[in-house]
Amino acid sequence: MAADMLLIMGCTASGKSSLAFSLAQRLGGEIISIDSMKVYRRMDIGTAKPSADRLAAVKHHLIDVVEPSESFSMGKFIELADKAIAELQQAQRPIIAAGGTPMYIRGLLEGIFDGPGADAEIRERIKMELDERGPEAMYQRLAEIDPEAARKIHLNDSRRIIRALEVYELTGKPISSFHTHFRSGNYRYPWQLIGLRWEKEIGNRRINARVKKMVQDGLVGEVESLLAEPEPLSEQAAVALGYAEIIEHLQGKISLEDAVERVKINSRRFAKGQRTWYRSFVGVNWIDLQESDTADSIADRLIAESRYFKGN
RNA sequence: AGGUGAGUAGCUCAAUUGGCAGAGCGUCGGUCUCCAAAACCGAAGGUUGCGAGUUCGAUUCCCGCCUCACCUG
């Protein structure tokens, strides 16, 4: 019988990581992080990475896999996650995937289209052309080569226009011809999907408390030392929540107080986006959390409900 | 106490010579297939501090009051 596969989703600061840790300990499993920012080394405090103790106690995959100066993508994530899953399945070990990057979750669940990955060089060139000639011209070009994609992409959405043109340049085929599955509800692995959710007011309070603690734990110092590294931060790492705002502060653009406030607001916005994504996932068992709940108590409860753990 | 300035959306502020009260941010909803903690789209939200006056019509002009900030004593 295949090993258990659990996937935990939830908004930022909902307690996913702690639950994953408790479950992994109890089940003797390993954790796969589904997080576009915890992949960066030395970005620990602001990404709410598990503590060194926890990382030592339970094997975590997809954490600290790239330098802050490197770029990362959903494609790389899926490649690495698939590899880790294959190894764990081979070893018959329970897999607990947990994380809050919704698009990565979707990609892990349903896969991405079988086409070309990101090409920074081409992307950069198209972007320059867009800046020069304006979005209308690029949108017009897209409409000619791929009317279907043009219908779905807004004129102002230059990010997706660029990506569509990039794929066309790389393959000679419209990006819409690659789009097949995604949001199909057909999952590539037999996951048990678990969602953690708080009443919104409580969730916001948890976010504020977490941000406050990050600052107390030395977020500013962490950002300072990242900026002092010889290699500059990659575009992605530099826009990470909690980092972008502190960078602005360190550049003298805003006060620390304002920066921290922005981190809170942006975290709330992020949580809102996560909620929107999660509504579209099929088959999630949502747990409505109470303030008396702890990661351990929920883990115990889940394990007691044997429906989640056929394999043990 | 006197002087000056300001009170307009949850917040910061716009609104030609009086002429349908707007923006940014936030909030809410949505999109999302190799940058996604990104990017983009949409919506709601106002007794213009209170009261009276002039006027066809007042956020705008006149009068009184309240609140806040700064200055002077």
Side-chain angles (χ1 to χ4, degrees), chain A residues 11-13 33-40 43 46-49 66 68 70-82 99-124 126-127 130 135 139 148-149 151-164 166-167 170-171 174-184 186 188 200-201 204 207 210-211 214 233-247 254 258 261-281:
Chain A
C11 292
T12 186
S33 163
I34 312 172
D35 191 299
S36 64
M37 295 299 169
K38 289 186 173 102
V39 296
Y40 287 111
M43 291 175 64
T47 64
K49 215 175 269 176
V66 290
E70 292 179 81
S71 65
F72 195 76
S73 68
M74 175 164 78
K76 284 179 195 161
F77 167 77
I78 293 173
E79 182 191 325
L80 295 173
D82 281 345
T101 301
M103 191 174 71
Y104 285 14
I105 297 175
R106 170 138 282 154
L108 183 60
L109 290 174
E110 308 203 25
I112 50 174
F113 72 73
D114 189 19
D119 186 312
E121 208 174 300
I122 292 179
R123 204 171 273 194
E124 184 58 30
I126 298 173
K127 186 172 164 22
L130 187 144
Y139 187 77
E148 193 183 330
R151 242 197 335 276
K152 291 198 284 189
I153 300 174
H154 191 276
L155 167 67
N156 293 341
D157 196 349
S158 54
R159 200 119 174 189
R160 289 192 180 80
I161 293 173
I162 290 169
R163 171 58 181 160
E166 174 194 341
V167 169
L170 249 20
T171 64
I175 192 170
S176 61
S177 70
F178 291 97
H179 288 171
T180 48
H181 38 312
F182 231 55
R183 209 167 179 162
S184 65
N186 299 323
R188 299 153 68 228
K200 201 166 72 193
E201 286 307 307
N204 286 344
I207 286 172
R210 167 181 278 190
V211 171
M214 283 176 177
L233 290 180
S234 66
E235 195 186 335
Q236 286 146 73
V239 297
L241 234 171
Y243 294 84
E245 300 85 351
I246 298 297
I247 288 171
I254 53 175
D258 286 349
E261 192 53 36
R262 288 307 306 174
V263 177
K264 289 176 184 171
I265 290 169
N266 290 334
S267 297
R268 248 183 276 140
R269 235 157 47 103
F270 175 42
K272 179 176 144 48
Q274 289 174 313
R275 261 179 251 122
T276 301
W277 267 97
Y278 295 153
R279 287 187 195 113
S280 70
F281 286 111

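Quick caveat, the model's predicted, so the values are computed rather than measured. Sequence lines set the chain letters: A, B, ... in the order given, protein chains first and strands last, and positions in each chain run from 1.
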Give me the distance, rounded to whole Å, that separates [N] from [M] when you measure between the [atom1] atoms they each carry.
| N | M | atom1 | result |
| --- | --- | --- | --- |
| B/U60 | B/A9 | P | 15 Å |
| B/U48 | B/G18 | C1' | 15 Å |
| B/U8 | B/A39 | C1' | 33 Å |
| B/G26 | B/G2 | C1' | 41 Å |
| B/G51 | B/C11 | C1' | 28 Å |
| B/G49 | B/C66 | C1' | 7 Å |
| B/U27 | B/C68 | P | 30 Å |
| B/U54 | B/G64 | C1' | 15 Å |

Please state how far atom [atom1] in [X] lies from atom [atom2] in [N], giving the value in whole angstrom units.
| X | N | atom1 | atom2 | value |
| --- | --- | --- | --- | --- |
| A/E245 | B/C25 | CD | C1' | 14 Å |
| A/K272 | B/U27 | NZ | C1' | 8 Å |
| A/F77 | B/C35 | CZ | C1' | 15 Å |
| A/H179 | B/U31 | NE2 | C1' | 13 Å |
| A/I254 | B/C25 | CD1 | C1' | 13 Å |
| A/I265 | B/U12 | CD1 | C1' | 12 Å |
| A/L108 | B/U33 | CG | P | 17 Å |
| A/I112 | B/C32 | CD1 | P | 16 Å |

Are [X] and [N] close enough that a side-chain N or O sits under 4.0 Å from OP1 or OP2?
| X | N | result |
| --- | --- | --- |
| A/Y243 | B/A37 | no |
| A/Q236 | B/A36 | yes |
| A/R163 | B/C32 | no |
| A/T101 | B/A36 | no |
| A/S73 | B/C35 | no |

Given [options], identify the nucleotide with an atom nearest to the side chain of [X].
| X | options | result |
| --- | --- | --- |
| A/F270 | B/A37, B/G26, B/C28 | B/A37 |
| A/L241 | B/G26, B/C34, B/A37 | B/A37 |
| A/K38 | B/A37, B/C34, B/G26 | B/A37 |
| A/A118 | B/C35, B/A36, B/G26 | B/C35 |
| A/R123 | B/C35, B/A37, B/U33 | B/C35 |

Base, sugar-phosphate, or nothing for [X], non-hydrogen atoms under 4.0 angstrom?
| X | value |
| --- | --- |
| A/D35 | base |
| A/R275 | nothing |
| A/K200 | sugar-phosphate |
| A/S71 | nothing |
| A/G242 | nothing |

Can you give me the N/O atom pairs linking the protein to nucleotides 39-43 of chain B at distances under 3.5 Å, or say none if there are none?
residue	atom	partner	partner atom	Å
B/A39	O4'	A/R159	NH1	3.4
B/A39	N3	A/R160	NH1	3.4
B/C41	OP1	A/N156	ND2	2.6

Check: A/N186/A/E110 side-chain N/O donor and acceptor closer than 3.5 Å: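 Judged by distance alone, the side chains do not pair up.
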
Nearest non-hydrogen partners of A/I207 and A/A271, listed with the distance: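 It is CD1-CB, 4.0 Å.
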
Flag side-chain contact, heavy atom, 4.5 Å: A/K200 against A/R275: yes

Side-chain donor or acceptor of A/Y278 paired with backbone N/O of A/G273 under 3.5 Å: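 Pair absent, no side-chain N/O of A/Y278 close to backbone of A/G273.
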
Closest-nucleotide 5' rank along RNA chain B - winner of A/T47 and A/G273: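 The residue whose closest nucleotide sits nearer the 5' end is A/G273.
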
Mind checking salt bridge (Lys or Arg N to Asp or Glu O under 4.0 Å) for [X] and listing every partner two or more places apart, or none if nothing turns up?
| X | value |
| --- | --- |
| A/K127 | A/D131 |
| A/K38 | A/D35 |
| A/R268 | none |
| A/R262 | none |

Base-paired stems in RNA chain B, each at least three Watson-Crick or G-U pairs under 3.5 Å: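 Output for stems: B:1-7 with B:66-72, B:10-13 with B:22-25, B:27-31 with B:39-43, B:49-51 with B:63-65.
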
Contacts of A/S176 that satisfy side-chain contact (heavy atoms from CB on, under 4.5 Å) - sequence neighbours left out: A/D146, A/E148, A/A149, A/P174

Set of side-chain contact (heavy atoms from CB on, under 4.5 Å) partners for A/R123, sequence neighbours left out: A/A118, A/I162, A/R163, A/E166

Residues which pass ring-ring contact (aromatic ring centres under 6.0 Å, His included) with A/F77, listed by chain and number, not counting sequence neighbours: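 Expected list: A/Y104.
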
Whether A/F281 and A/W277 hold their rings parallel, tilted or perpendicular, with breakpoints at 30° and 60°: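 Ring orientation of A/F281 relative to A/W277: parallel.
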
